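Note that the structure is a prediction, hence the values are computed from the model and not measured. Just so we're on the same page: letters track the sequence lines, and every chain starts at 1.
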Number of protein chains: 2
Amino acid sequence: MPSLKAGKLAARTGLTVRTLHYYEERGLLTPERTAAGHRIYATADMVRLQQIVSLKQLGFPLEAIAAMLDDPDYALEPVLHQQLTAIDQQLAETTRLKQRLEGLLGQIQQGTALSVDDLLSTIQATTMYEKYYTPDQLAELQARADALGPDGMAKAQQDWQDLINEVRAELDQGTAADSDRMKPLVARWNALIRAFTGGNPAIAQSMKTMYEQEGPAAASQGMVDTEVIAFMQKALQAHA
Amino acid sequence: MPSLKAGKLAARTGLTVRTLHYYEERGLLTPERTAAGHRIYATADMVRLQQIVSLKQLGFPLEAIAAMLDDPDYALEPVLHQQLTAIDQQLAETTRLKQRLEGLLGQIQQGTALSVDDLLSTIQATTMYEKYYTPDQLAELQARADALGPDGMAKAQQDWQDLINEVRAELDQGTAADSDRMKPLVARWNALIRAFTGGNPAIAQSMKTMYEQEGPAAASQGMVDTEVIAFMQKALQAHA
DNA sequence: GATAAGCCCTCACGTCGCGTGAGGTGCAAG
DNA sequence: CTTGCACCTCACGCGACGTGAGGGCTTATC
């Protein structure tokens with residue numbers, strides 16, 4: 001009769017004894033026991049173990065596997081869809097990460113960036129943008145940046161920084177987003193955005209999506225201060 | 001003077017206070033303290049935090065980030081390369097996972113597979129193969145499977161199962177891999193492999209690679225018993 | 001100057017899927 | 001009968017925090 005103890009089953013499946021114990025802890029697999037407490041895995045247990053392993057290969061957490069195996073009428077389609085969209089998202093993120101890494105490696109091999117600091121300045125400039133702008137749009141942005149030259153870029157950066165500082169000052173003073181005091185700041189903000197987008201509405205739209213979607217996480221990229229962004233979004237709407 | 005306490009900094013960066021604490025625990029960020037023990041983040045701390053976040057976005061673990069930031073001459077190229085190959089591998093695995101999920105969803109939507117059990121039989125048949133065989137080879141295998149028909153498939157499966165059981169019996173009896181008793185079993189094994197590969201050496205090669213590379217993990221897929229496989233590899237070599 | 005609200009602090013345990021010992025018992029072979 | 005291996009049960013470790021619990025600090029209001 002084909003029934004095995006933990007060590008043998010582990011050897012045959014390529015799992016470890018600890019893993020079998022763990023599955024039992026989680027209620028996934030419940031072999032019989034000898035009088036001395038040794039686990040005895042019968043054929044049915046092996047079949048079930050095989051199912052567990054297969055479902056794990058599909059990326060399901062153990063808890064979900066337990067639910068599936070314990071209910072034979074489990075609705076598979078929704079979980080598969082869910083799993084698939086999660087996978088798609090992960091795939092997209094990983095792909096972007098790969099592109100970033102390749103870009104940085106390229107910079108290093110060209111000698112453009114050598115220290116951690118150099119690297120970080122590159123990251124800030126590129127990370128978030130790649131996500132929301134199409135290649136076309138990125139090319140256009142790059143062209144405009146080139147046209148400005150390093151000095152122009154520095155000035156634009158400074159303009160943004162000054163404006164953000166002033167907005168934060170108002171925020172700290174408790175100024176309301178729809179206050180008249182915000183009017184000139186809103187105007188300057190819009191002007192800077194126009195300069196950035198070059199009047200291209202597609203780019204403006206991408207930028208808007210970026211802030212809406214990304215929220216706090218985006219700001220952490222360039223350290224743009226999430227509070228200021230949220231505040232300005234209200235102000236922009238109030239003075240639309 | 002721009003220096004903030006934990007809550008404010010957290011709000012601005014989109015991180016949580018706990019995260020700031022944790023970075024301090026790990027030695028990544030060490031703000032000053034007030035007499036009462038409250039953390040005070042100066043501008044330099046914010047810059048450093050920004051660097052930490054950026055490097056985290058590249059997928060580095062906190063320990064590596066600490067090393068990079070503490071040594072300005074840190075050799076970046078190797079770690080970037082390493083990171084990139086890790087990413088590539090992850091990408092490949094995730095892509096395969098996605099394909100599997102899509103295949104299964106297709107089956108469900110066609111009504112071919114409805115229960116968890118149906119799903120699992122499909123998984124076993126396909127999972128591992130997709131990894132090591134080229135699409136061409138998979139098509140050829142599929143064609144041969146179709147030619148056999150369901151009955152032929154069942155017989156082939158049974159032949160394999162019988163052979164494996166016999167091999168395991170020898171293994172349990174302590175028969176040596178190079179023993180003459182193994183000769184007929186080796187011959188049958190080779191015959192079944194020829195039937196499977198259809199004499200196509202490319203497919204045979206893929207199959208070999210699969211077993212070599214995958215080892216125990218592969219077996220867990222179809223529950224092929226890793227011990228029997230290892231034993232047969234020795235036997236096949238001994239009787240080559 | 002007292003009090004309440006809100007921010008800050010330090011433990012300390014939970015997450016997920018096991019790996020890795022430590023320390024003790026069971027079992028088949030010599 | 002003893003040796004040695006297989007088995008058992010705790011119990012801590014990982015990575016990057018989340019989530020309270022329980023208690024001090026600070027600031028606005030009365």
Any salt bridge linking B:Arg18 with B:Glu25? Criterion: basic side-chain nitrogen under 4.0 Å from a carboxylate oxygen. yes
A:Glu102, CD: over 12 other non-hydrogen atoms inside 6.0 angstrom: yes
Say you draw a straight line from CG of B:Leu29 to OG1 of B:Thr19; how long is it, rounded to the nearest 0.5 Å? 11.5 Å
Atom pair distance, as rounded to whole Å: CD1 in B:Ile52 and C1' in D:dA16: 13 Å
Is B:Thr16 close enough to D:dC17 that one of its side-chain N or O atoms is under 4.0 Å from OP1 or OP2 there? no
Measure from the side-chain N and O atoms of B:Ser3 to the backbone N and O of B:Ala42, and report whether any donor-acceptor pair falls under 3.5 Å. no
salt_bridge(A:Glu227, B:Lys8) N-O dist < 4.0 Å: no
Check this for me: does any side-chain nitrogen of one of B:Glu32 and B:Arg39 sit under 4.0 Å from a carboxylate oxygen of the other? no
In terms of side-chain heavy atoms of A:Ala36, which of C:dC27, C:dC9, D:dC17 is nearest? C:dC27
Sort me out a list of protein N/O and nucleotides 28-30 of chain C N/O pairs below 3.5 Å, or just none if empty.
none

Heavy atoms within less than 4.0 Å of DNA chain C: which residues of residues 20-35 of chain B have one? Give them sorted by number. B:His21, B:Arg33
A:Arg39 side-chain N/O to C:dG26 phosphate OP1/OP2 under 4.0 Å: no
Thinking salt bridges, do B:Asp70 and B:Arg48 make one under a 4.0 Å N-O criterion? yes
Counting only side-chain heavy atoms from C-beta out, which of D:dA16, D:dT19, C:dC9 sits nearest to B:Arg18? D:dT19
In terms of heavy-atom contacts, does CD of B:Gln237 have more than 12 from other residues, nucleotides or ligands at under 6.0 Å? no
